[in-house]
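Read through the structure below, which is laid out as structure tokens, and then see the notes.
Start at 1 and go down the list; that is how both ligands and their atoms are numbered. These numbers were taken from a predicted model, which means no experiment stands behind them.
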Amino acid sequence: MESVLILDFGAQYSQLIARRVREQNVYCEIVPYNISVEELRERAPQGIIFSGGPRSVYGEQSPRLDAGVFELGIPILGICYGLQLLTYQLGGEVQAAQKREYGKAAIIVDDNQDLLAGHQLGSDQSQTAWMSHSDYITQPAPGFEILAHTEHCPVAAVGHRQRKIFGVQFHPEVVHTPRGREILHNFLFNICHCSGDWTMESFIDTSVEAIRLQVGAGQVVCGLSGGIDSSVAAALVHRAVGDQLTCIYVDHGFMRKGETEQILTTFGRDFAMKLVHVDARQRFLDKVAGIADPEVKRKRIGNEFIRVFEEEAVRVGDAAFLVQGTLYPDIIESGTEHAAVIKSHHNVGGLPDDMEFDLVEPLKALFKDEVRQLAKELGLPEEIVYRHPFPGPGLAIRVIGEITGEKLDLLRDVDHIFIDEIRRAGLYKDIWQAFAVLTNTRTVGVMGDERTYDYVAALRAVASEDGMTSDWYRMPYEVLESTSRRIMNEVQGVNRVVYDVSSKPPSTIEWE
Ligand code: XMP
């Protein structure tokens, strides 16, 4: 498969570069900057992009490149630090600037043959670029021509045509560089001569092949939660190895209304997967009986989950592989420790030594929106494709205080009404996450002529990009009104409804 590789020097924008490349139908993956030259040669990408990075080429700890990379004959585009590094290593001059240049700068184009094709020579209003650097280049490496400069930056873009090595000091991947896409397009198509025939469908084909190659005739297990990541990973692996895959769905009893049925229908019936449904509801309820402390709840549920999963995995027989729905952002967020964390996680319950799993992680190069696209291609239902995030411990951390079966049932009904009203208003996809919480507070109410003393339900809906920070969602009054009315009428045991107007920080999205 045709691909472009990004050598990652620790830039915050690496993932954005990958996205921009894939948007142009060229498959792109991010790899560590110190990938070996042999591996690069083997993978034979159509082009290589050096990302930016937080360091200075003069720093003692700064990442350096194996010079062999320049000899591969594969076109290279260095961005920001990537450009400074290639300039430095190929004999040009990089200077430490006194002041960081940060923001938009007008680009003055000196050469518009290939990388900057379509640009006007000289300056033009549309030719602005986003700069974010302290060091800058004063003298390109021998053989390099200056393609553009700015008022403060003598070298904003360079190229060595014969060696097909190019670089830009600015960031073509961000929206603040209005013609950045065009510049990346020029690199991909004028310089790397990519064909641009990559689609999600072709991603499915290559993933299927790769999974088959990895797994061989081995047995594979997958923990299915009904969330999009594990669902897509399972569907993809199932397409690759069919009945060699066994999915294990552990119903801990903290799922939302109708969720278990949907998982069984979608995967067991529609996809005809081998699906083990473990009804562990009582077992989990016993584990959290009388526990009010959120951390203790979480720990007990987490441990029990692993224990149940292991017991079932052993029953599958000699499963050697475990499917994980790991996405690219998960990898970045947990740094290089990621693989280790996963291992220890699945070993917490004390997996027998002879039951070490190899991980199958078919989504690890993708972003959430790409996984959604993939889910649609694979034929997963809308409810799964657009489902809001749901925490592992489920409703157990949304019933505040001690958990009982009755409280869980109450919460399931309240939550269902809220989500139903949001869907009816057409707002579901607009909201990052919406749910109900059953507080541990009871208040006095009046129903008919009777006094009531029932629970307060809280509604929470948040807007967020990634769940790390969030703002409370400005829910239209009509939705709050209809939700509240229906809860009061339809759910016995709740006589007061409140809406949570806290942002994160200082609150968190979940209450526990
Ligand atoms: P908080 O409450 O920390 O939540 O603001 C941020 C996001 O993470 C989800 N969340 C979890 N997801 N296991 C998960 O898989 C968990 O234990 C867990 N706790 C919180 C939460 O729903 C929100 O999307």
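- Nearest protein heavy-atom contact of atom 2 (O) of ligand 1 is E510 N, 2.8 Å.
- Using a cutoff of 4.0 Å between basic side-chain nitrogens and carboxylate oxygens, R43 and E39 are scored as salt-bridged.
- Between H252 and F284, the two ring planes are perpendicular [angle over 60°; tilted spans 30° to 60°].
- For ligand 1, the polar-atom distance check against P393 finds no nitrogen or oxygen pair separated by under 3.5 Å.
- Residue T508 has at least one heavy-atom neighbour below 4.0 Å for each of these atoms of ligand 1: 1 (P), 2 (O), 5 (O).
- Screening K297, R460, R298 for a salt bridge (Lys or Arg N to Asp or Glu O under 4.0 Å) with E512, the sole residue that qualifies is K297.
- Considering backbone and side-chain atoms alike, G392 places an N or O below 3.5 Å from some N or O of ligand 1.
- Of the protein's heavy atoms, P391 CA, 3.5 Å lies nearest to atom 12 (N) of ligand 1.
- D286 and Q282 share a donor-acceptor pair across their side chains, judged by distance under 3.5 Å alone.
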(message) Run the ring-ring contact (aromatic ring centres under 6.0 Å, His included) test on H388 and F435 for me, step by step, so that the C-alpha distance in whole Å, both residues' side-chain angles and the decisive distance to 0.1 Å come before the verdict.
(response) CA-CA 9 Å; H388 289 169; F435 57 90; 9.2 Å; no
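- Side chain to side chain, S484 and Y499 fail the donor-acceptor criterion of an N or O pair below 3.5 Å.
- For the pair M131/Y102, no side-chain contact is recorded, criterion being any heavy-atom separation below 4.5 Å from C-beta on.
- Ligand-side atoms of ligand 1 in range of P389: 24 (O), range being under 4.0 angstrom from any heavy atom.
- Distances from ligand 1 to the non-hydrogen atoms of R298 include at least one value under 4.0 Å.
- Using a 4.0 Å threshold on non-hydrogen atoms, atom 9 (C) of ligand 1 does not count as touching the protein.
- When each of R256, K257, K407, R486 is tested with D413 by the rule salt bridge (Lys or Arg N to Asp or Glu O under 4.0 Å), just one qualifies, namely K257.
- Proximity to G467 (heavy-atom distance under 4.0 Å) selects the following atoms of ligand 1: 6 (C).
- Here's the thing with K504: one of its N/O atoms is less than 3.5 angstrom from an N/O atom of ligand 1.
- When non-hydrogen atoms are compared, ligand 1 lies under 4.0 Å from the side chain of Q433 (C-beta onward) but not from its backbone.
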